[in-house]
2 protein chains.
Amino acid sequence: MQLKSLRLFMAVAETGSFVAAAKRLHTVQSNVTTHIKKLEEELGVQLFHRAGRVRPTSAGLALVEYAERMLTAHDEAVSLFKGQEKACGRLRIGAMETTTALRLPPILAAYHAAQPDVDIQLKTGPTAELVELLLNGQVDCVFVAGRLEHSRYHVLKAFSEELVLVDSMPMTTMPSSQELLASAFMAFRQGCSYRQRIELLLASYGVNAGRIFEFGSLDAMLGCVAAGMGYTVLPRGTVDAHQHRFGIHTLALPASIAHIDTYFVAAEPETWTPALASFADTLRNAVILDEPQLTAS
Amino acid sequence: MQLKSLRLFMAVAETGSFVAAAKRLHTVQSNVTTHIKKLEEELGVQLFHRAGRVRPTSAGLALVEYAERMLTAHDEAVSLFKGQEKACGRLRIGAMETTTALRLPPILAAYHAAQPDVDIQLKTGPTAELVELLLNGQVDCVFVAGRLEHSRYHVLKAFSEELVLVDSMPMTTMPSSQELLASAFMAFRQGCSYRQRIELLLASYGVNAGRIFEFGSLDAMLGCVAAGMGYTVLPRGTVDAHQHRFGIHTLALPASIAHIDTYFVAAEPETWTPALASFADTLRNAVILDEPQLTAS
DNA sequence: CGCTACTATCTCCTTTTGAGATAGCGCATA
DNA sequence: TATGCGCTATCTCAAAAGGAGATAGTAGCG
């Protein structure tokens with residue numbers, strides 16, 4: 001059974017004539033006859049009464065319903081990929097907690113305004129988990145800290161973050177090694193790239209990773225820092241956005257470990273759905289507006 | 001886009017290999033490559049990652065959903081017509097009130113036992129309306145009184161009925177012309193073939209059609225007859241079945257107008273769905289059991 | 001570094017498809 | 001009943017597509 005035959009079949013059912021159906025689908029009547037005949041042979045049943053005006057038989061009417069389902073699904077699938085202006089379907093984004101909180105909202109808002117027919121699904125997690133999701137095809141793109149070593153992936157430097165040390169008390173100089181050793185650190189769960197920076201920071205002070213408390217949410221983490229439980233390391237922008245809610249203070253980290261980039265990673269552009277391609281466009285525009293010096297890689 | 005390509009696509013998505021997909025669908029790997037490539041060209045998007053193991057891209061995963069819908073609809077359509085033992089789908093039957101009440105229940109029960117997957121839709125109405133429904137394709141078959149004059153329809157004599165005169169009082173002889181003229185008759189609404197018999201009966205007594213009350217339901221009609229509103233004409237079997245509920249009495253009509261056959265009419269067997277073919281079988285068996293002397297025409 | 005297993009490409013041959021021409025049929029009109 | 005009109009079925013030929021095999025290229029693995 002061919003979709004082409006079903007299109008002709010539907011045209012015949014709707015127009016009540018082989019000639020009219022042929023005209024509608026820009027072909028000749030003999031082809032319509034052949035296709036219908038083939039359908040009838042394949043199904044072992046006559047689909048149209050040929051006496052005088054052409055009318056669908058009971059069997060023909062029954063087939064109409066299924067033909068509609070098949071053709072509708074086909075048309076939707078095609079418009080998914082070939083939709084000229086408006087993308088549709090689904091876009092699954094993976095992003096880190098901090099990116100989700102600080103950077104994504106304006107971009108998602110702009111994207112949704114541009115593509116209202118796309119269902120956005122956002123999954124949050126640490127970099128390592130996000131990479132896993134992307135490799136498994138469970139998300140269409142991710143925002144992660146640090147460049148992905150996998151080849152054959154499209155990478156775009158999206159955001160540049162300055163990491164700062166966060167504490168409940170005002171700081172003017174970096175805490176001493178003894179203080180750091182004695183203190184606890186708040187971090188996201190295993191796999192978070194910021195957590196690696198904490199361990200890097202401690203190592204640069206000759207201190208092994210001490211007590212590290214793991215959190216799943218930014219709010220909980222900042223709450224604990226504000227309560228004096230210990231330090232954490234976060235992007236300055238994220239802390240600034242929450243400073244009015246918590247009594248927290250920041251200190252710049254050494255330049256060597258302070259800077260961290262957030263990358264947008266997705267499979268090769270040839271595999272992108274229009275929804276994803278449009279999202280990449282939106283992102284590029286936002287990035288260029290924010291920081292004109294950054295370019296795609 | 002071809003259904004064949006989608007089958008191959010699904011096989012590749014499920015097996016994760018072009019070779020395995022080719023084996024599953026009994027073809028060679030080069031054909032799988034060609035079909036997938038064609039799909040990709042048509043949709044303008046890459047559907048599989050080819051690095052090492054073959055995995056669907058985001059676009060591929062999106063297509064999976066639509067491919068499933070198309071193929072499911074196709075398989076269901078095919079099984080509608082090619083289902084070997086069990087028919088499925090829908091069977092729309094049109095029948096007269098009296099046939100529905102008296103004759104159909106055992107046949108529908110037998111049919112439903114044989115074909116539990118068929119949805120039965122029963123429409124009730126007078127012969128003329130039923131014929132209209134059949135000609136318009138709104139039902140698959142009808143039970144009507146009197147042979148359908150249309151050619152190219154399959155006709156089977158289903159039931160033989162003896163019409164009797166029904167009244168609230170016991171009768172031993174036919175009422176006189178004067179009585180008939182003065183009486184009312186109960187009949188189904190316009191188009192009922194029994195009603196024609198009433199008019200025929202009156203005419204044979206030299207009486208024009210007098211007052212005829214129209215009813216939509218058998219129960220209401222018999223109730224009014226029992227209440228002494230007037231006569232009616234019905235198949236003996238129908239009256240017998242209701243006699244214990246109403247105080248009604250019958251009298252045989254003149255042989256010339258007493259006999260009336262109920263015919264099963266449907267389009268040509270070549271146009272039958274398996275559901276309809278199976279119903280015709282059930283009906284034939286029931287007819288043969290009841291009255292071996294009757295044969296198909 | 002070579003082996004293995006897989007996919008892409010090419011070629012040949014068969015089958016299918018599409019367009020045109022023509023025959024046949026039903027219906028309406030005279 | 002004869003005739004004309006409009007429609008569908010069938011036939012034919014050329015073009016296109018499809019299937020199978022052979023082969024080249026490539027990634028992954030030991």
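Reminder, nothing fancy here: chain letters follow the sequence lines and each chain counts from 1. No hydrogens, no waters, no symmetry mates; every other heavy atom, side chains included, goes into these values.
- Using a 4.0 Å heavy-atom distance criterion, A:Val54 is classed as a sugar-phosphate-only contact.
- Salt bridge absent: B:Arg90 and B:Asp119 never bring a charged side-chain N and a carboxylate O closer than 4.0 Å.
- Take B:Leu61 and apply the side chain to side chain contact (heavy atoms under 4.5 Å, CB included) test, not counting sequence neighbours, and it matches A:Arg92, B:Pro56.
- Not counting sequence neighbours, the partners of A:Glu76 by the salt bridge (charged side-chain N to carboxylate O under 4.0 Å, His left out) test are B:Arg69.
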(message) Each nucleotide in nucleotides 15-22 of chain D should get exactly one letter: B, S or -. Can you fill that in based on protein heavy atoms under 4.0 Å?
(response) --SSBBB-
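- A centroid separation of less than 6.0 Å is found between the aromatic rings of A:Phe143 and A:Phe159.
- Rounded to whole angstrom, the span from the CD atom of B:Glu41 across to the C1' atom of C:dT9 amounts to 13 Å.
- Only at 4.0 angstrom or more do the heavy atoms of residues 10-21 of chain B sit from any atom of DNA chain D, so none qualifies.
- Under the 30°/60° scheme for interplanar angles, the aromatic rings of A:Tyr111 and A:Phe279 are found to stand perpendicular.
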Report all interatomic pairs (protein N or O, nucleotide N or O of nucleotides 25-29 of chain D) with separations under 3.5 Å.
none

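- Residue pairs that meet the ring pair (Phe, Tyr, Trp, His ring centres under 6.0 Å) test with at least one member in residues 52-76 of chain A, sequence neighbours left out, do not exist here.
- A salt bridge does not link A:Glu129 with A:Lys123: every distance from a Lys NZ or Arg NE/NH1/NH2 to an Asp or Glu carboxylate oxygen is 4.0 Å or more.
- Rounded to an integer number of Å, the gap from NE2 of A:His49 to P of C:dG26 is 16 Å.
- Contacts classified as side-chain hydrogen bond (donor to acceptor under 3.5 Å, both in side chains) and involving residues 9-23 of chain A (residues at least two apart or in different chains) are given here: A:Glu14-A:Arg24.
- Atom CG in A:Leu25 sits about 16 Å away from atom P in C:dT17, given to the nearest Å.
- For the pair B:Ser5 (side chain) and B:Met1 (backbone), a donor-acceptor distance under 3.5 Å is absent.
- Under the side-chain hydrogen bond (donor to acceptor under 3.5 Å, both in side chains) criterion, B:Ser278 pairs with B:Gln115, not counting sequence neighbours.
- A:Asp117 pairs by the side chain to side chain contact (heavy atoms under 4.5 Å, CB included) definition with A:Lys86, A:Cys88, not counting sequence neighbours.
- Comparing the end axes of the helix from C:dC1-D:dG30 to C:dA30-D:dT1, each fitted to five base pairs by superposing C1' atoms of four pairs onto the next four, gives an inter-axis angle of 30° (nearest 10 degrees).
- With rounding to whole Å, B:Lys37 atom NZ is found 17 Å from C:dC6 atom C1'.
- Between B:Leu47 atom CG and C:dA8 atom C1' the separation is 16 Å, expressed in whole Å.
- Across the protein-nucleic acid pair, B:Glu40 atom CD and C:dA8 atom C1' stand 12 Å apart, rounded to whole Å.
- B:Glu42 meets the salt bridge (charged side-chain N to carboxylate O under 4.0 Å, His left out) test with no other residue; sequence neighbours excluded.
- To the nearest angstrom, P of C:dA19 lies 11 Å from CG of A:Leu8.
- Contacts classified as ring pair (Phe, Tyr, Trp, His ring centres under 6.0 Å) and involving residues 9-54 of chain A (residues at least two apart or in different chains) are given here: A:Phe9-A:Phe48.
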